[in-house]
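Beneath this line is the structure, given in structure tokens, with notes to follow.
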Amino acid sequence: MRAKGSTLIATVAAAVWLVPIACSAQQSKLGTINFPTSGSPAAQPHFIRGVLYLHSFEYESAEAEFKEAERIDPGFAMAYWGESMTYTHPIWNEQDLEAAREALNGLGPTAEARKAKAQTHREQMYLAAVESLYGDGSKAHRDTVYSAAMQQLVRAHPDDMEAQAFYALSLLGLNQAVRDVPTYLRAAAIVEPIFEKNPDHPGAAHYIIHAYDDPAHAPKGLKAARAYSKIAPGAAHAQHMTTHIFLAMGMWDEVVSQNEIASGHDHDKWTPNHYTAWLNYAYIQQGRYARAKEMIDMMRQHAGAKPPMRQLWGLADMRAHYLIDTEGWRDSLASWDIDPATLGEDGRAYWASVTAYAAIKRGDRPVADSALKVLSAFNAADSEETPNDIMELEIKALSRLAEGARDEAVTLMREATKRADALPVDFGPPSIAKPPHELFGEILLELGRAREAQSEFRKSLELAPKRARSLLGL
């Protein structure tokens, strides 16, 4: 028998994989939520633990907990809801539709059969929402229908803070990984009251950070950022996520300390990934060039001759920022013997842009021209404006400047900054490895136009507060 309407408020401890020593209860803490369901008392703690992991984007751990709840209580409808939710990653625009549908089929072969196993109207609404998420149509369409269903759930059950949190998350994912500031602010308005009522809620803190992680809004997310790592020390992502706010505010010491924790204490075994890329960028902003280079060299060696795609993306990011921010144009990173083919066309264009930039800076025109040709071909085949298009303008401006065509270089940079300003708001280390306003400021300074250069450096610092090269230029 499942106890209908049983309420469980749980602070859940889960084994924390990132620290290779015995973990204290504090280190394995994931936060506190109130999520009553009709599941059996034995299955409910695993369900709660799964939701806590879900709020911190620890999807594999969440999946394992939901499956354990299913094993204990095979008719527990919300456990299957939870498992299916682990296969959509809204912020990252990732979804495994086949796996999600398979998870739901474990509860019943049809939507009607599954609905019959949901014990309450509220649980039926949760199931109906996730059915729409994995129903017919394009991902963008299904995301929109799902968000509308979550809004209906919130209206029907206004005291359900979990429904509110997941509704806010659905809003953050509506634009397929393109940042839409008004929608993000709508999400923030939903989760901020949750955070005030329950300051130990991992989802509320997490989604506030995502809503505000751009330089214009980051101060509004600072309270949540300072709290989140303490709310969920058992989730590596929670340690990293705080730095979305810290980086947006130029708080380099905090970006380093939190990403060192997220990356694990065994520094000699770090791999190139999202956390280590942010960590390396922060080392560079601190001026710790030797530490940054040592870290990249170690991870390059561990990655092998043909790094997996995710590791190669991490290496590509670190290579780009190290070369451009340290101005180490002749560093061995500039001539890495790695085939970037697995990164896809956009990734290969990014790799070529950094190669061309470093080559033009050290005066190696054959290498620069060859890489620029590759970059131009990729950009010509892509109808959408991307950071690679703007890098191409930057490289062409540097090339014309080296040839003495000063006015043309300035014209190209004006176009580069104009296009960059039209792109959606950015977060994290700059996606255009050399921020255009910063480069334009450096070129204007070289041309003796200091007052105009000041304006460009200040604009660069508005977009990337306390960035070292922009501060130096100013």
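The first residue of the sequence shown is numbered 1, and numbering continues consecutively from there.
A salt bridge (Lys or Arg N to Asp or Glu O under 4.0 Å) check over residues 299-317, counting only residues at least two apart or in different chains, returns the pairs Glu94-Arg310. Sorted by first then second residue, the side-chain hydrogen bond (donor to acceptor under 3.5 Å, both in side chains) pairs that include residues 331-345, not counting sequence neighbours, are Lys293-Asp331.
Not a single salt bridge (charged side-chain N to carboxylate O under 4.0 Å, His left out) links Glu60 to another residue, sequence neighbours left out. Every side-chain contact (heavy atoms from CB on, under 4.5 Å) that Ala129 has, sequence neighbours left out, goes to Tyr146, Ala149, Met150. Considering only residues two or more places apart in sequence or on other chains, Glu254 meets the salt bridge (charged side-chain N to carboxylate O under 4.0 Å, His left out) condition with none of them. Remark: Arg179 engages Asp213, Asp214 in a salt bridge (charged side-chain N to carboxylate O under 4.0 Å, His left out) (not counting sequence neighbours).
Distance alone, capped at 3.5 Å, places no donor-acceptor pair between the Asn280 side chain and the Met295 backbone. Within the 3.5 Å criterion, the main-chain N or O of Phe246 finds no donor-acceptor partner in the side chain of Thr243. One N or O on the side chain of Glu438 and one on the backbone of Ser470 form a donor-acceptor pair closer than 3.5 Å. Not a single donor-acceptor pair under 3.5 Å links the side chain of Thr88 to the backbone N or O of Met85. A donor-acceptor pair is defined here as one N or O able to donate and one able to accept, closer than 3.5 Å; such a pair exists between the side chain of Asp160 and the backbone of Ala163. A side-chain donor-acceptor contact under 3.5 Å links Arg101 to the backbone of Tyr134. In terms of modelled atom types and a separation under 3.5 Å, the side chain of Glu58 and the main chain of His237 share a donor-acceptor contact. Under the 3.5 Å distance criterion, the side-chain polar atoms of Ser263 are matched with a main-chain donor or acceptor of Asn259. Judged by distance alone, with hydrogens and angles left aside, the side-chain atoms of Arg469 form a donor-acceptor pair with the main-chain N or O of Asp325 at under 3.5 Å. Counting only distance, with no hydrogens or angles, the side chain of His157 and the backbone of Asp159 share no donor-acceptor pair below 3.5 Å.
When each of His210, His217, His244 is paired with Phe427, the ring pair (Phe, Tyr, Trp, His ring centres under 6.0 Å) condition holds for His244 and for no other. Between Tyr167 and the choices Gln152, Arg186, Arg155, the side chain to side chain donor-acceptor pair (under 3.5 Å) rule is met once, by Arg186.
Side-chain contact check for His206 and Tyr228: at least one donor-acceptor pair (N or O, by modelled atom type) lies under 3.5 Å. Under 3.5 Å, the side chains of His55 and Glu162 contain a donor-acceptor pair of N or O atoms. Residues Tyr87 and Glu63 bring a donor and an acceptor atom of their side chains to less than 3.5 Å of each other. Checking Tyr275 against Gln258 by side-chain atom types alone, no donor-acceptor pair falls below 3.5 Å. Between Thr37 and Gln44, the side chains place a donor N or O and an acceptor N or O closer than 3.5 Å (distance only, hydrogens not considered). Side-chain contact annotation: Glu192 with Tyr212, donor-acceptor N/O pair under 3.5 Å present. Between the side chains of Arg114 and Asn105, a donor-acceptor pair is found at a separation under 3.5 Å. Inspection of the Gln176 and Lys139 side chains reveals an N or O donor paired with an N or O acceptor under 3.5 Å.
Summarising the geometry of Thr183 relative to Leu171, their closest heavy-atom pair is CG2-O, 3.4 Å, with the distance given to 0.1 Å.
A salt bridge between Lys67 and Glu70 is absent, with no side-chain N of the basic residue lying under 4.0 Å from a carboxylate O of the acidic one. A salt bridge does not link Glu123 to Lys117: none of the charged side-chain nitrogens sits closer than 4.0 Å to a carboxylate oxygen.
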Q.
Evaluate Trp81 against Phe166 for ring-ring contact (aromatic ring centres under 6.0 Å, His included), listing each step before the verdict.
A. CA-CA 12 Å; Trp81 164 87; Phe166 285 114; 5.5 Å; yes
Q) Does the pair Thr271 and Met298 meet the rule for a side chain to side chain contact (heavy atoms under 4.5 Å, CB included), with working shown? A) CA-CA 9 Å; Thr271 59; Met298 178 269 291; over 6 Å; no
Q: Could you give me the CA-CA distance, side-chain angles and deciding distance for Phe47 and Phe35, then say whether ring-ring contact (aromatic ring centres under 6.0 Å, His included) is met?
A: CA-CA 9 Å; Phe47 173 78; Phe35 201 155; 5.1 Å; yes
Q | Test side chain to side chain contact (heavy atoms under 4.5 Å, CB included) applied to Ile432 and Leu423, step by step | A | CA-CA 11 Å; Ile432 303 172; Leu423 291 176; 4.2 Å; yes
Q) Checking ring-ring contact (aromatic ring centres under 6.0 Å, His included) for the pair Tyr283/Tyr281: CA distance, chi angles, key distance, verdict? A) CA-CA 5 Å; Tyr283 282 149; Tyr281 179 75; over 10 Å; no
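Surrounding NZ of Lys115 are at most 12 heavy atoms belonging to other residues, nucleotides or ligands under 6.0 Å away.
Annotation: cation-pi pair Arg319/Trp351 present, NZ/CZ under 6.0 Å from the ring centroid and within 45° of its normal.
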